[in-house]
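These values consider heavy atoms only, across backbone and side chains, with no hydrogens, waters or symmetry-generated copies. Naming convention: chains lettered A, B, ... in sequence-line order (proteins, then strands); numbering from 1 in each chain.
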Amino acid sequence: MVYFEGFGQIIQQWYKQFKRHLPWRETSDPYLIWLSEIILQQTRIDQGLAYFNRFAENYPTVEKLAAASEDEVLKLWQGLGYYSRARNLHFTAKTITREFGGQFPKQYSDIIKLKGVGEYTAAAIASISYKQPYAVVDGNVYRVLSRIFGIDTPIDSTEGKKAFKQLAEDLLDRNNPGDHNQAVMEFGAIQCTPKNPNCAACPFCDRCFALQGKAIERLPVKQGKVKIRHRYFNYLVYDLEESTFLTKRTSNDIWKNLYQFPLIETAYKAEVESLHLESELPINNSIGDISEVTDWKKQVLSHQHIHYRFIHVQLKNKKNLPTDLIEVNKKDIFNFAVPKPVEKQLNYLNWF
DNA sequence: CATCCGTGGGA
DNA sequence: TTCCCAAGGAT
């Protein structure tokens with residue numbers, strides 16, 4: 001490995017010059033640092049920034065977040081994805097309020113026990129908020145270190161994770177771990193990008209292994225390939241005077257604890273006429289008439305492709321509906337947290 | 001430990 | 001269109 005002195009100084013100097021000014025960089029409040037880190041897990045800053053501002057304004061302290069309902073927190077999180085982050089965020093706010101008296105824990109060993117906080121997030125909070133010497137390893141760190149030092153161990157292997165973690169710890173500027181960590185990540189985010197990195201203006205251009213070996217496009221190395229599962233969702237949009245009906249997705253599945261229109265899932269793009277065989281939900285009989293069936297659309301998730309459509313049913317009464325349906329006044333429906341396909345249909349329906 | 005969990009932007 | 005992947009964590 002081509003190892004050299006001064007990595008921390010060089011990258012922190014770059015950081016001072018080029019870093020973006022972001023709200024969580026204006027504070028050392030561990031609550032806000034934690035909030036920003038949860039929001040930014042697997043999420044670009046451009047996508048998460050508005051959510052951070054919204055959460056920080058609605059819940060300025062951990063106690064305020066803890067006092068909210070999960071439904072309210074999920075509604076504020078709606079559209080950001082990976083909803084377990086929101087559920088764990090709320091759960092942990094209650095934990096901190098109850099077990100730590102509202103004071104965010106300072107020991108790494110306590111921080112990493114918090115639900116939704118893993119090695120990366122614990123190191124980020126400890127270093128950024130408390131200046132403790134823990135090195136972060138995220139997607140940016142993998143990319144920057146693999147290129148500069150020419151490491152082709154797959155980043156999604158156990159061996160790779162261990163090697164990059166060790167290197168990140170070796171390189172860490174223990175006098176300024178928070179800025180050092182953020183510098184490496186920011187460098188990966190806006191300079192050493194996955195595609196078309198700005199090597200011409202790179203402070204490491206004279207010693208970067210990948211640049212000299214023409215390996216920029218090859219690094220970092222990943223081995224994993226995800227297999228995609230296809231599912232078919234037939235949503236039933238019931239219409240009964242001022243009301244429609246929702247269900248809550250409580251099972252261990254995608255979009256857990258979000259709300260949706262009553263759903264008939266099928267193994268393929270089934271005919272509308274056959275749907276009554278799959279469910280007790282009224283569709284087209286003495287108590288309901290189909291008024292519209294939308295085209296199939298597709299929602300892409302990380303491991304699933306959801307093919308979905310909406311079947312509008314004019315209901316004559318609500319007597320034969322399953323008891324788990326939640327009757328909702330149409331003008332109140334925007335209070336519920338819903339997944340993206342349902343949100344799109346609500347915007348199309350324009351109920352309010 | 002391999003798999004699952006969202007959404008959106010860029011090439 | 002298709003593919004990659006982004007301040008990861010839980011199970």
Side-chain angles (χ1 to χ4, degrees), chain A residues 15 19-20 22 24-25 32-52 74 77-89 91-92 111-125 127-129 134-144 154-162 164-165 168 178 180-190 192-197 217 220-229 231 249 251-258 298-306 337-344:
Chain A
Y15 182 62
K19 73 173 181 182
R20 292 167 287 184
L22 299 163
W24 51 87
R25 289 181 177 158
L32 293 176
I33 302 296
W34 165 64
L35 174 63
S36 73
E37 292 300 339
I38 301 300
I39 287 174
L40 292 175
Q41 284 168 4
Q42 295 290 283
T43 304
R44 289 184 174 82
I45 285 175
D46 291 342
Q47 191 185 1
L49 179 57
Y51 285 86
F52 174 85
L74 282 170
W77 196 273
Q78 179 181 311
L80 194 55
Y82 285 139
Y83 297 91
S84 66
R85 292 183 295 167
R87 288 185 271 110
N88 290 336
L89 183 81
F91 180 92
T92 291
I111 297 172
I112 201 169
K113 285 179 193 158
L114 301 172
K115 193 166 278 189
V117 174
E119 273 192 48
Y120 162 78
T121 303
I125 295 169
S127 64
I128 297 170
S129 195
Y134 293 92
V136 300
V137 182
D138 74 334
N140 293 304
V141 176
Y142 284 130
R143 185 169 55 257
V144 171
I155 62 174
D156 53 351
S157 67
T158 304
E159 183 189 357
K161 285 173 185 162
K162 192 175 162 191
F164 282 99
K165 174 80 171 166
H180 176 103
N181 281 332
Q182 293 188 82
V184 182
M185 293 190 285
E186 187 77 338
F187 185 77
I190 64 179
C192 192
T193 49
K195 305 288 181 189
N196 303 321
E217 300 298 325
V221 174
K222 282 184 194 171
Q223 60 185 5
K225 8 180 178 330
V226 292
K227 60 176 179 182
I228 299 300
R229 176 180 161 209
R231 299 170 74 178
R249 296 183 62 87
S251 60
N252 257 353
D253 194 359
I254 58 172
W255 300 324
K256 183 176 178 180
N257 288 4
L258 271 60
K298 187 167 77 170
Q299 179 70 17
V300 176
L301 283 66
S302 55
H303 285 68
Q304 299 183 28
H305 287 183
I306 307 299
V338 297
K340 191 54 72 172
V342 176
E343 181 190 346
K344 286 180 175 171

Rounded distance (Å) that lies between atom P of B/dT7 and atom OH of A/Y82: 10 Å
Nearest-angstrom distance from the residue atom CD of A/E343 to P of B/dG6: 15 Å
Interatomic distance where CG belongs to A/L80 and P belongs to B/dC5 [whole Å]: 17 Å
Sugar-phosphate, base or nothing in reach of A/I39, heavy atoms under 4.0 Å: nothing
Atom pairs under 3.5 Å, N or O on each side, protein against nucleotides 8-11 of chain B: can you list them with distances?
from	atom 1	to	atom 2	distance (Å)
B/dG8	OP1	A/K340	NZ	3.0
B/dG8	N2	A/R44	NH1	2.4

Nearest-Å distance once atom P is located in both C/dA7 and B/dT3: 24 Å
Touch class at under 4.0 angstrom, heavy-atom based, for A/L301 against every strand present: base
A/K222, nearest nucleotide to its side chain (from B/dC5, C/dA7, C/dA6): C/dA6
Residue met sooner reading DNA chain C from 5', once A/Q42 and A/K298 are mapped to nucleotides: A/K298
Value in whole Å for how far the C1' atom of B/dA2 lies from NZ of A/K225: 13 Å
A/N140 side chain reached by A/V184 side chain, heavy atoms, under 4.5 Å: no
Separation of B/dG6 P from A/R229 CZ (nearest whole Å): 12 Å
Sugar-phosphate only, base, or nothing, as touched by A/I38 at under 4.0 Å among non-hydrogen atoms: nothing
Given B/dC4, B/dG6, C/dA7, the nucleotide with the shortest approach to the side chain of A/Y83: B/dG6
Flag side-chain contact, heavy atom, 4.5 Å: A/I45 against A/L22: yes
Electrostatic pair A/E119-A/K161, nearest N-O below 4.0 angstrom: no
Rounded distance in Å - CZ (A/F164) to P (C/dG8): 15 Å
Side chains of A/N257 and A/Y83 in contact at under 4.5 Å (non-hydrogen atoms): no
Touch class at under 4.0 angstrom, heavy-atom based, for A/R143 against every strand present: sugar-phosphate
Student check: side-chain heavy atoms of A/I38 and A/W77 closer than 4.5 Å: yes
Test item: A/R231 side-chain N/O and A/Q304 main-chain N/O as donor-acceptor pair under 3.5 Å: no
Polar side-chain atom of A/K115 near backbone of A/K113 as donor-acceptor pair, under 3.5 Å: no
Sugar-phosphate only, base, or nothing, as touched by A/W24 at under 4.0 Å among non-hydrogen atoms: base
Euclidean distance, atom CG of residue A/L89 to atom C1' of C/dG8 [Å, nearest integer]: 14 Å
Interatomic distance, A/K256 NZ vs B/dG6 P [rounded to whole Å]: 11 Å
Whichever of A/P339 and A/K227 has its nearest DNA chain B nucleotide further upstream toward 5': A/K227
Between the protein and nucleotides 9-11 of chain C, list the N/O to N/O atom pairs that are separated by less than 3.5 angstrom.
from	atom 1	to	atom 2	distance (Å)
C/dG9	OP1	A/G118	N	2.7
C/dG9	OP1	A/T121	N	3.1
C/dG9	OP1	A/T121	OG1	2.7
C/dG9	OP2	A/Y120	N	3.3
C/dA10	OP1	A/G116	N	2.5

Flag, side chain of A/R85 to backbone of A/G116, donor-acceptor distance under 3.5 Å: no
Polar side-chain atom of A/Y142 near backbone of A/P154 as donor-acceptor pair, under 3.5 Å: no
Sugar-phosphate, base or nothing in reach of A/T43, heavy atoms under 4.0 Å: base
Side-chain (A/T43) to main-chain (A/Q41) donor-acceptor, under 3.5 angstrom: yes
Closest-nucleotide 5' rank along DNA chain B - winner of A/V338 and A/D156: A/D156
